[in-house]
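Report on one structure; see the data block that follows.
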Amino acid sequence: MKTLLTACLFSLALALTSFAQSPPPAPPQTSPPGAPAPAVSPGALANPVAPPQLPTAATSPAGPAVPASPGLATSPTATVTATLSASPGEAPTKPSGLGSNFLIDNFRKGGPIMWPILIVSIVGLTVVIERIFWWGGRWFRRDPKRIEKVFTAIESGDLAEASRLSRGSRDPVLRMMWNGLNHQHASLQGALQVAAGIEIKRAGRFLVVMDTLVTLAPLLGLLGTITGLIRSFSFLGNEELAVQAVTGGIAEALIATACGLGIAIFALIPFNFFTSRVSNLEFELQTAATNLEVMLGAQSAAREMEIGAPQASGKGASI
């Protein structure tokens, strides 16, 4: 179980690290809608040094030369500039929203208090996963039919059959009953209490850790808030860096507070659920122990009455 939990935690950490450090996708370079694509003639690609051919004026042998239209006359410098210059819409845009290093950036902006918060979150996640596996295994280990068979055997007076049925079971109730049946001659009630205490302790393992995390995480977030505000107010005297420093300190305070509250909320719900499961198990153990004591006490009283009846009849005959 511990090896499985360790492997799960390492896999989760590697997945988060790879997601946080993955390079952002290259933004596609698109031209603005309405802008024509720059056309390059084959001659210009073959001989870039040669100047472009200018349209000549139309001449006739009979008349004067007609000048070319002003719109058709282009200079080599303007042509090269128009070809090589990029339109404003083709500038690479900065990725918005959740970037590739969103987690790492916010972790750094949270300040040094984020390291204890990270440790608390890892511990809380480990405890929750371990308790989920344990209670899931107990659900499959339950055997109410065998418990009914054990009570039936005790009621019929076959204690050996009841001990055999409860031996080797993984159900906490059956384990407690087996311990009580094997030590009933010494102290039945003491044996049942010891076995029930062991089962309750197994079920409530790490609940103290979760209770501590629920209380500790908001306090760490509050500490991050105070340190961030202290950092903000320490730069108020410097006019050049006042705005940037104050905003950085406020961001640190808010990030630490949000992380602390998030961890507390995440740990509070499983903590209450596991606490209720422990209470239900304790009630089941108390009910089974009380039924076992009542049945064994009734059988002991019946045997004493059977043993005492012949003695009383013998005394009456002698008198």
Side-chain angles (χ1 to χ4, degrees), residues 1-24 95 97-138 200-235 244-279 281:
M1 183 67 70
K2 294 181 180 180
T3 306
L4 179 61
L5 291 177
T6 306
C8 292
L9 288 178
F10 275 111
S11 302
L12 181 62
L14 290 176
L16 292 176
T17 306
S18 61
F19 172 74
Q21 295 182 353
S22 61
L98 294 176
S100 60
N101 55 352
F102 175 77
L103 298 177
I104 298 178
D105 288 345
N106 284 277
F107 184 83
R108 292 175 179 174
K109 291 178 182 178
I113 202 64
M114 291 298 294
W115 289 104
I117 293 178
L118 178 62
I119 295 174
V120 168
S121 64
I122 293 175
V123 173
L125 182 62
T126 306
V127 172
V128 169
I129 294 175
E130 193 273 338
R131 289 289 87 190
I132 289 175
F133 276 98
W134 191 89
W135 283 105
R138 184 193 174 275
I200 293 174
K201 185 177 180 180
R202 288 177 181 174
R205 185 172 56 178
F206 299 133
L207 288 183
V208 178
V209 177
M210 294 186 66
D211 190 11
T212 305
L213 295 182
V214 170
T215 308
L216 181 61
L219 293 179
L220 290 176
L222 181 60
L223 180 61
T225 303
I226 295 174
T227 56
L229 293 178
I230 291 175
R231 178 185 173 188
S232 299
F233 288 117
S234 63
F235 288 96
Q244 183 177 2
V246 168
T247 54
I250 294 175
E252 175 182 345
L254 295 178
I255 290 173
T257 306
C259 291
L261 292 177
I263 294 171
I265 294 171
F266 171 77
L268 179 62
I269 298 175
F271 171 71
N272 290 333
F273 174 75
F274 295 145
T275 303
S276 65
R277 299 304 301 171
V278 172
S279 300
L281 178 60

Euclidean distance, [Y] [atom2] relative to [X] [atom1], rounded to 0.5 Å:
X: Leu220; Y: Ile119; atom1: CG; atom2: CD1; answer: 10.0 Å
X: Leu216; Y: Leu219; atom1: CG; atom2: CG; answer: 6.5 Å
X: Ile250; Y: Leu254; atom1: CD1; atom2: CG; answer: 7.5 Å
X: Phe271; Y: Ser276; atom1: CZ; atom2: OG; answer: 10.5 Å

Hey, are the side chains of [X] and [Y] touching, using non-hydrogen atoms and a 4.5 Å cut-off?
X: Met210; Y: Leu268; value: no
X: Thr126; Y: Phe206; value: no
X: Leu213; Y: Val123; value: yes
X: Phe273; Y: Ile269; value: no
X: Thr225; Y: Leu229; value: yes

Provide the closest heavy-atom pair for [X] versus [Y] in the form atom of the first, atom of the second, distance.
X: Ala217; Y: Ala264; result: CB-N, 3.9 Å
X: Leu261; Y: Pro218; result: CD2-CB, 4.3 Å
X: Ile117; Y: Gly260; result: CD1-N, 4.4 Å
X: Val128; Y: Phe266; result: CG2-CE2, 4.3 Å
X: Ile113; Y: Gly224; result: CG2-CA, 3.6 Å

Show every ring-ring contact (aromatic ring centres under 6.0 Å, His included) that has at least one partner inside residues 105-126, sequence neighbours left out.
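For residues 105-126, and leaving out neighbouring residues, the ring-ring contact (aromatic ring centres under 6.0 Å, His included) pairs sorted by first residue read Phe107-Trp115.
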Checking Arg131 against Trp134: charged group under 6.0 Å from the ring centre and within 45 degrees of the axis?
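Ring-cation test returns yes.
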Out of Leu207, Val209, Thr215, which one pairs with Asp211 under the side chain to side chain contact (heavy atoms under 4.5 Å, CB included) rule?
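It is Thr215; the other options fail the test.
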From the options Met114, Arg231, Lys109, select the one residue that forms a side chain to side chain contact (heavy atoms under 4.5 Å, CB included) with Glu252.
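Answer after filtering Met114, Arg231, Lys109: Arg231.
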Residues that Arg277 engages under side-chain hydrogen bond (donor to acceptor under 3.5 Å, both in side chains), provided they are two or more places apart:
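Partners of Arg277 by the side-chain hydrogen bond (donor to acceptor under 3.5 Å, both in side chains) criterion come out as none, since no residue qualifies.
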